[in-house]
Structures are given as structure tokens and as C-alpha cells.
Novice: 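Got a structure here, written out as C-alpha cells. Questions coming.
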Amino acid sequence: MDLMALYNTLFPMTENLNASFVTAVVITGLCVVFLGLVILILFVWAFGKLFSRKQKKPEAVPDIPKAEPVKTAKPVDTAPSSADDDEIIAVIAAAVAAMGKADGKTYRIKSVRADKNRSSRSAWSLAGLQNNTNPF
């Protein structure tokens with residue numbers, strides 16, 4: 001028994017397959033899929049229109065005169081201040097003064113505020129992160 005005879009006995013429908021039949025099946029399949037997609041798009045669009053119409057616009061609220069704000073004392077600084085921060089500021093001020101003395105100028109620190117972009121990670125965590133994400 002040759003190979004084609006065995007194939008035809010296992011799959012008897014394959015002997016009727018020719019190029020025009022295969023082309024017709026492929027074109028029909030593509031048309032069905034795209035028609036289904038178009039129907040699905042129209043369905044989703046219709047639901048969007050239906051639900052956007054049901055939303056009511058807020059009614060105009062009459063103007064109510066605003067009360068004057070209550071005057072309070074000076075704003076309280078919420079940043080914690082510790083002796084360590086004061087020592088660090090003193091050391092930095094001494095370094096700035098030493099640099100100014102070397103230049104023959106007088107420098108001074110006018111204000112100190114917290115860094116807003118300060119990372120919440122520790123230095124060890126940042127070093128590990130940098131080490132593990134370096135490119136090869």
C-alpha cells in the first residue's frame with residue numbers, strides 16, 4: 001500500500017480539496033471574522049452612547065457668600081527638629097565659613113529646609129539597587 005492510498009483512507013475528505021475550494025473557505029472565514037468584529041464594535045459604541053445619555057448634568061448651585069477665613073497664629077513647622085540636625089547644620093556652616101576664609105570672603109547660611117526630593121530608601125538599599133540594575 002502506498003502512502004497516498006493510506007492517507008486517502010484515513011482522511012477521505014481530502015481528495016475533494018482543490019485550490020478554488022480552499023480559497024472559498026479562507027475568504028468565507030475572513031469575512032465571518034471581520035463581520036463579527038464590526039458587530040462587536042457597533043455593540044460597544046451603542047452601549048457607550050446609551051450610558052453617556054443617562055448621566056445627568058449637575059444642576060447649577062446658587063452662589064453662597066463665603067465666610068471670612070479664621071485668622072490663626074503663625075503656621076507650625078511640622079518637620080521634626082532634633083539636636084542631630086542642629087549639629088549637621090553647624091558643621092556645614094563651619095565648612096562654608098572655612099571656604100570663605102580661604103577665598104577671603106564671608107559666607108553665611110541664610111536658611112535651611114528639608115529636601116523634597118529625598119529618597120525614602122537608605123544608602124545601602126540605593127547602592128544595592130544600583131548594583132543590581134547596571135547594564136552588562
Side-chain angles (χ1 to χ4, degrees):
M1 186 182 246
D2 68 349
L3 191 59
M4 277 308 280
L6 178 64
Y7 186 76
N8 287 335
T9 57
L10 292 175
F11 304 105
M13 296 295 293
T14 58
E15 61 191 29
N16 295 333
L17 294 179
N18 54 16
S20 63
F21 180 72
V22 171
T23 306
V25 169
V26 168
I27 290 174
T28 304
L30 287 172
C31 289
V32 167
V33 167
F34 283 109
L35 181 65
L37 286 174
V38 168
I39 291 172
L40 186 63
I41 289 170
L42 291 174
F43 184 72
V44 170
W45 175 78
F47 264 100
K49 289 292 185 181
L50 179 71
F51 286 116
S52 66
R53 285 184 188 163
K54 288 198 173 209
Q55 293 176 352
K56 294 181 179 178
K57 295 180 180 177
E59 297 177 8
V61 179
D63 291 335
I64 300 173
K66 295 183 179 179
E68 293 183 23
V70 177
K71 295 182 180 180
T72 59
K74 292 181 182 178
V76 178
D77 186 18
T78 58
S81 178
S82 67
D84 291 339
D85 291 341
D86 293 338
E87 289 176 5
I88 292 171
I89 293 169
V91 169
I92 292 173
V96 168
M99 284 180 11
K101 191 172 185 181
D103 292 343
K105 298 180 181 179
T106 303
Y107 297 116
R108 66 176 184 204
I109 297 176
K110 290 184 178 180
S111 67
V112 177
R113 61 180 180 267
D115 184 15
K116 293 180 183 177
N117 295 328
R118 184 175 180 193
S119 176
S120 61
R121 298 176 187 242
S122 69
W124 289 104
S125 174
L126 289 174
L129 185 67
Q130 184 180 7
N131 187 29
N132 291 332
T133 57
N134 279 341
F136 293 107

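Computed from a prediction, not measured in an experiment: that's the story for all the values here. These values consider heavy atoms only, across backbone and side chains, with no hydrogens, waters or symmetry-generated copies. Positions are given from 1 along the sequence.
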Novice: How long is the gap from CG on Leu37 to CD1 on Ile41, to the nearest 0.5 Å?
Specialist: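 Here the rounded value is 6.0 Å.
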Novice: Of all the heavy-atom pairs spanning Ile89 and Ile109, show the shortest one and how long it is.
Specialist: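 Smallest interatomic distance, heavy atoms only, reads O-CD1, 4.4 Å.
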Novice: If two hydrophobic side chains count as joined below 4.5 Å and joins carry through other members, does Val33 share a cluster with Val26?
Specialist: yes
Novice: Let me confirm one number: the CG-CG distance from Leu129 to Asn134, rounded to the nearest 0.5 Å.
Specialist: 9.5 Å
Novice: Which class fits the ring pair Phe47 and Phe51: parallel under 30°, tilted 30 to 60°, perpendicular over 60°?
Specialist: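 It falls in the parallel class, under 30°.
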Novice: Mind checking side-chain hydrogen bond (donor to acceptor under 3.5 Å, both in side chains) for Thr133 and listing every partner two or more places apart, or none if nothing turns up?
Specialist: none
Novice: Following the transitive rule for hydrophobic clusters with a side-chain heavy-atom cut-off under 4.5 Å over Ile, Leu, Val, Met, Phe, Trp and Tyr, establish whether Val22 and Leu30 coincide in one cluster.
Specialist: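 Val22 and Leu30: one cluster.
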